[in-house]
Amino acid sequence: MPELPEVEVTRMGIAPALVGRTVSAVSLRAPALRYPLPAALARHLKGKTLAGIARRGKYLLLDFGTGTVLLHLGMSGTLRLLPPRTPAGKHDHVDLVFDDLMLRLNDPRRFGALLWIEGDPNAHALIKDLGMEPLARSFTAKALHRRLTGRSAAIKLAIMDAHVVVGVGNIYASEALFRAGIAPRTPAGKVSLARLERLVTAIKETLRSAIRAGGSTLRDFFGCDGDPGHFQLEHRVYGREGEACRRCGTKIRQIRQGQRSTYYCPKCQR
DNA sequence: CTGGTCACCTGGAAGC
DNA sequence: TGCTTCCAGGTGACCA
């Protein structure tokens, strides 16, 4: 159930074990994920060496030189490193075998994706229109301000829009707005530059600390009992409806925005 | 372009 | 116990 930190921790967990290694076998199991699985994947990958794993937003890009495996974990996807020939359980959709080590994709809800891309992956339809990387230097209040000027949508929905900034999911959107002291329903275009400074800082800090917290779970990528998607920091507002605000004691409220739950402190966030 | 809604899927928890 | 309902960390497609 990954937001950007979970995806980045997954990348950090699997890359050292797999980069530089060669694919010996591929297993695909029905049914399809968000898109049909590429039937020719084994033909494309067998004998190919993994040159690197990059992340763009919540997508993982496995670079095999002649092409790229594009991976998205959706709402419920996880990747694990297992001994080859580990029996496949329910929702184990794809195995990439690297001789004595296997990368397995499990995704119960099947909102995830695995695609084979030839050519520049950044030109792919799913990638090319993505917004700013929140951890990049170029993600600044000024840049965000430029992007949000004139927009009437709620600030919470705006920072969750992957065409504006990638990787801020439903949990971290609420958490970042709390840290920045901004009410989630404020029209995005009406948030001042000064307050966007606080928001950009809050987004970077929230994501960075979650990645740091996830670092302690990296060993969980090995072995069948691993559960690497489920680390998380103590939330300040998310999931705490009716509980006391950690800063001022006011009861945390829950509302619906775009059919998703938003949590906020009515006193700390204006 | 923008904003709003729906759809895609399974499973766990809560309610009766 | 068993059935029903609601909810879940994402995002592309579609509409006005």
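Within every chain, numbering begins at 1; the chains are lettered A, B, ... in the order of the sequence lines, protein sequences first and strands thereafter. Quantities reported herein were computed from a predicted structural model and do not represent experimental measurements.
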A/H163 NE2 to B/dC1 P, straight-line distance once rounded to whole Å:
11 Å

How long is the line joining CG of A/L73 and P of B/dC9, in whole Å?
19 Å

Taking the same atom, C1', in C/dT11 and in B/dG12, what whole-Å distance lies between them?
23 Å

Given the structure, check if the side chain of A/R34 and the base of C/dT11 hold any donor-acceptor pair shorter than 3.5 Å.
yes

So which nucleotide from C/dC7, C/dG12, C/dG10 ends up closest to the side chain of A/R256?
C/dC7

Tell me whether A/R80 contacts the main-chain N or O of A/N106 through its side chain, where contact means a donor paired with an acceptor under 3.5 Å.
no

Nearest-angstrom distance from the residue atom CG of A/N170 to P of C/dG10:
6 Å

Would you kindly give the CG-to-C1' distance between A/L115 and C/dG12, to the nearest whole Å?
13 Å

Between CG of A/L157 and C1' of B/dG3 the distance, given in whole Å, is 9 Å

Which whole-number value in Å describes the distance from A/D107 CG to B/dC8 P?
17 Å

Answer yes or no: side-chain N or O of A/Q259 and base N or O of B/dG4 forming a donor-acceptor pair under 3.5 Å.
no

Do A/R109 and B/dC9 have a side chain to base donor-acceptor pair shorter than 3.5 Å?
yes

Closest to side chain of A/H91, choosing from B/dG3, C/dG10, B/dG11
B/dG11

Nucleotide of C/dA8, B/dC6, C/dG10 approaching A/S261 most closely (side-chain heavy atoms):
C/dA8

Do A/E234 and A/R246 meet the salt-bridge criterion of a basic N to acidic O distance under 4.0 Å?
yes

In this structure, how many angstroms lie between the P atom of C/dG10 and the CE atom of A/M75, rounded?
6 Å

Is the distance from OP1 or OP2 of B/dG3 to the nearest side-chain N or O of A/S152 less than 4.0 Å?
yes

Tell which nucleotide pairs with B/dC8, taking only Watson-Crick or G-U wobble pairs whose two distances are both under 3.5 angstrom.
C/dG10

Can you tell me how far P of C/dG10 sits from CZ of A/F111, to the nearest Å?
11 Å

Anything under 30° is parallel, anything over 60° is perpendicular, the rest tilted; go ahead and classify A/F64 against A/W116.
tilted

Between the side chains of A/T68 and A/D63, does any donor sit under 3.5 Å from an acceptor?
no

Are OP1 or OP2 of C/dG9 and a side-chain N or O of A/Y172 less than 4.0 angstrom apart?
no

Between B/dT5 and C/dC7 - P atom distance, rounded Å:
16 Å

Checking N1-N3 plus N6-O4 or O6-N4 for Watson-Crick, or N1-O2 and O6-N3 for wobble, each under 3.5 Å, the partner of B/dC1 is none

For residues A/E3 and A/Y172, is any side-chain donor paired with an opposing acceptor at under 3.5 Å?
no

For A/L126, which contact category applies under a 4.0 Å heavy-atom criterion: base, sugar-phosphate, or nothing?
sugar-phosphate

Is there a side-chain polar atom (N or O) of A/R260 under 4.0 Å from OP1 or OP2 of C/dG10?
yes

Both A/R147 and A/G258 contact DNA chain B. Taking the nearest nucleotide for each, which residue is further toward the 5' end?
A/R147

Answer yes or no: is there an ion pair linking A/E8 with A/R11, defined by an N-O contact shorter than 4.0 Å?
yes

Where does the angle between the aromatic ring planes of A/H91 and A/H93 fall among parallel (under 30°), tilted (30 to 60°) and perpendicular (over 60°)?
tilted

Does A/Y59 make a side-chain N or O approach to OP1 or OP2 of C/dG12 shorter than 4.0 Å?
yes

With rounding to whole Å, what would you report as the distance between C/dC6 and B/dC6 at their P atoms?
14 Å

Under 4.0 Å, heavy atoms only, any strand: does A/R151 hit a base, just the sugar-phosphate, or nothing?
sugar-phosphate

Would you mind telling me which of B/dT10, C/dG10, B/dG11 lies closest to the side-chain atoms of A/K90?
B/dG11

